[in-house]
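Have a look at the structure below, then the notes.
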Amino acid sequence: MNIPLSRPYMDQQSKKNVLKVLDSGRYILGDNCKLFEEEFATYIGAKYAILTNSGTSAIFLSLMALNIGEGDEVIVPSHTAFPTVEPIFYTGAKPVFVDINESTYTLSPEEIRKNITDKTKAILPVHLYGHPAKMDSIKKIAKENDLSIIEDCCQAHGAFFKGKKVGAIGDVGCFSFYPSKNMTVGGDGGILTTNSHKIAETVKMLRNHGRKEKYKHEVMGLNLRFNEIQAVVGRIQLKKLDEFNNKRRGIAKLYSECLGSLPVVTPKEKKWGQSAFHLYVIRIEERTALQANLKNHGISTGIHYPIPCHMQPAVNKVMKTPKLITTEKIVDEIVSLPIFPELKSKEIIYVCNRISNYLS
């Protein structure tokens, strides 16, 4: 049996629609992009959605639109994909790395409070692996300290915090459509959601060379636009997202049932959150041997992420970073098991049996 870690979904209708776009001759920010933005905003429950060429660009544009730059500080977890923090450096601001909650792997509100200074301008919580951060506590802290909130939702399309979809809770939500995500666009892509008309209009200009009209550039912008071909793929995937997420939740439930009696730590879902289960991550000591054993039986695994951002060489070259006890502990134990909507029950049971046999 050969089981990949993930598998992107692509149907025949998407392929047909791509061909229609190719024949149309309109490829950049056309009608499909506009409709995709409207549909995504409605799905999330935000007033506006602005497409970008990646989730990284969505975070970068959010920081720019909020006027975060030289001398400012942004509170962020270290246990996240490196693209979460790269844009902070490129604005000239400083990421302030804080520790996480051990059960959700998301920003600890207590640690946020300890690290606020007069230079802090924003909090950037990451809804890691699909589980939401504790947004009510984070919003309370932000309000008390006049801080902006940029939600990194790149792994959490369709996740809920207390009945509200992530991406519509903070000032800005940032999503990625990378091929391994819960929904994709057949390549790189991203989208930014907000309830602020000012932020939306600013980002629209910034992503398109700083202009509203073709030859009138009102601000210094960039080329971080989206395209029609990927928009038609995204529109179809958005319609299937809830179905995809329900399948992921069913897969996660079966994994947890099968692994529940074994000496591994399985993902925990808080009562106030509903995870999109972008990843199913367990924790186990001596994970290297387990991964090798599973690989020998045709099972792909991953580590998300083996090196925390505050320990990355690129970061250590430019700044001193703190010791983060929980983060540094869990990165040596985490293992991502295969999860994607088409994963079959017999394949899940096969994975669990291999883990059980290895541990027995």
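We use all heavy atoms of the structure for the numbers below, so side chains are in, but hydrogens, waters and symmetry mates are not.
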Notebook entry, point to check: What pairs of residues pass the side chain to side chain donor-acceptor pair (under 3.5 Å) test when at least one of them lies in residues 19-29, not counting sequence neighbours?
Noted result: none

Checklist line | Test ring pair (Phe, Tyr, Trp, His ring centres under 6.0 Å) applied to Phe177 and Phe36, step by step | finding: CA-CA 13 Å; Phe177 298 131; Phe36 188 18; 5.6 Å; yes

Checklist line | Residues clustering with Tyr9 (ILVMFWY side chains joined when closer than 4.5 Å, directly or via others) | finding: Phe244

Item checked: salt bridge (charged side-chain N to carboxylate O under 4.0 Å, His left out) pairs, two or more places apart, involving residues 282-310 -> Glu102-Arg283, Arg283-Glu333

Item checked: Listed partners of His310 passing ring-ring contact (aromatic ring centres under 6.0 Å, His included), at least two apart -> none

Check: Which hydrophobic side chains are connected to Leu35, either touching it within the sub-4.5 Å cutoff or through other members that do?
Finding: none

Margin query: Restricting to non-hydrogen atoms, name the atom on Ile349 and the atom on Cys258 that form the minimum distance, rounded to 0.1 Å.
Written below: CG1-SG, 4.4 Å

Notebook entry, point to check: How would you list, by chain and number, every residue that makes a side-chain hydrogen bond (donor to acceptor under 3.5 Å, both in side chains) with Asn223, sequence neighbours excluded?
Noted result: Arg225

Margin query: Applying side-chain hydrogen bond (donor to acceptor under 3.5 Å, both in side chains), can you list everything that pairs with Ser54, at least two apart in sequence or on another chain?
Written below: Ser57

Notebook entry, point to check: If you look only at pairs with a residue in residues 337-348, which of them pass as a side chain to side chain donor-acceptor pair (under 3.5 Å), with sequence neighbours excluded?
Noted result: none

Note to self: According to ring pair (Phe, Tyr, Trp, His ring centres under 6.0 Å), does anything in residues 125-150 pair up with another residue at least two apart or in another chain? List the pairs.
What the structure shows: His79-Tyr129, Tyr105-Tyr129, His131-Trp272

Next item on the list: Kindly write out the residues that satisfy ring-ring contact (aromatic ring centres under 6.0 Å, His included) with Tyr48, not counting sequence neighbours, or none if the list is empty.
Entry: His197

Checklist line | Sequence neighbours excluded - salt bridge (charged side-chain N to carboxylate O under 4.0 Å, His left out) pairs with any residue from residues 64-92 | finding: Asp72-Lys121

Pairs under 3.5 angstrom only: tabulate donor-acceptor contacts from the side chains of residues 159-175 to other protein residues two or more places apart or in another chain.
from: Lys162; atom 1: NZ; to: Asp136; atom 2: OD2; distance (Å): 2.6
from: Lys164; atom 1: NZ; to: Ala168; atom 2: O; distance (Å): 3.3
from: Lys165; atom 1: NZ; to: Tyr43; atom 2: O; distance (Å): 3.1
from: Asp171; atom 1: OD2; to: Ile149; atom 2: N; distance (Å): 2.7

